[in-house]
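Heads up, the thing below is written out as structure tokens.
Just follow the structure's listing: the first ligand is 1, and inside any ligand the first atom is 1. Being a predicted model, the structure only gives us computed values, none of them experimental.
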Amino acid sequence: MSVTNPTPNVEGTRLIRILFVCLGNICRSPSAEGVFRHYVSEQGACDRYDIDSAGLIAHHEGELPDGRMRAHAARRGYELVSRSRPITYEDFFHYDYIIGMDSANRERLLDLAPTAETAQKVSLLTDWADDAPKDHIPDPYYGGAEGFEHVLDLIELCVPQLYRKTIS
Ligand code: 4NP
């Protein structure tokens, strides 16, 4: 059973629904959400997308992104203002693309996917880039400043390709 709501935008085009997912939803997935929102806005395509992020654990529910992540993102012009929330059963039906950050995220998402059809929506952000130097976005939480910069470098590489491949 699908409960997907194919809400159209003002022009009657069906929204493209993307959910970014990481472990805590305070570092990588809110950054991917923020960078993707920024890029989509620059392209004048805000009305084509429904974008959100979520975590696989609820430990940080209600929190803003990690202060270190927000500071690094702000230096590149991204304001990260989402609040952490855990992924829900309904998310698997609502979103078209459920995009994890590393292989542990992907395995957990595949375990949680309620149906074979919803499992097909799961990918990794680096899967969308033809030239990503890494096959995942490493968790920066327990590391130093360079880890947060690396997260943003990889996300900025992947986002334009994710946009091109989903907008068409
Ligand atoms: P994220 O980073 O998955 O990129 O948001 C982490 C945030 C919190 C924790 C681990 C990773 N934690 O263990 O609380």
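The shortest N or O to N or O distance between H59 and ligand 1 is not below 3.5 Å. Considering backbone and side-chain atoms together, C22 places no N or O closer than 3.5 Å to any N or O of ligand 1. At a 3.5 angstrom cut-off on N or O pairs, P140 does not count as close to ligand 1. At under 3.5 Å, a nitrogen or oxygen of Y142, whether backbone or side chain, sits near a nitrogen or oxygen of ligand 1. Inclusion of L23 in the set of residues having an N or O under 3.5 Å from an N or O of ligand 1 is warranted.
Annotation: atom 4 (O) of ligand 1 to nearest protein heavy atom, R28 NE, 2.8 Å. For atom 8 (C) of ligand 1, the closest non-hydrogen atom of the protein is H60 NE2, 3.5 Å. Among protein heavy atoms, atom 12 (N) of ligand 1 sits closest to Y141 CE2, 3.6 Å. Atom 11 (C) of ligand 1 has its closest protein heavy atom at D139 OD2, 3.1 Å.
Looking at R85 and D52, a side-chain N of the basic residue comes within less than 4.0 Å of a carboxylate O on the acidic one, giving a salt bridge.
Note on Y95: it does not cluster hydrophobically with V159, by side-chain heavy-atom contacts below 4.5 Å among ILVMFWY residues. Residues Y163 and L124 fall into different hydrophobic clusters, defined by Ile, Leu, Val, Met, Phe, Trp and Tyr side chains chained together at heavy-atom separations under 4.5 Å.
Using a 4.0 Å cut-off to heavy atoms of I26, the atoms of ligand 1 that qualify are 5 (O), 7 (C), 8 (C).
For atom 3 (O) of ligand 1, the candidate residues are C27, G24, G147; the nearest heavy-atom contact is made by G24.
Not counting sequence neighbours, the partners of F36 by the ring pair (Phe, Tyr, Trp, His ring centres under 6.0 Å) test are F20, Y49.
No side-chain donor-acceptor contact under 3.5 Å links S123 and D127. Looking at N25 and S53, their side chains do bring a donor and an acceptor atom within 3.5 Å of each other.
Among R37, E156, E33, R70, the one residue that satisfies the side chain to side chain donor-acceptor pair (under 3.5 Å) test with Y78 is E156.
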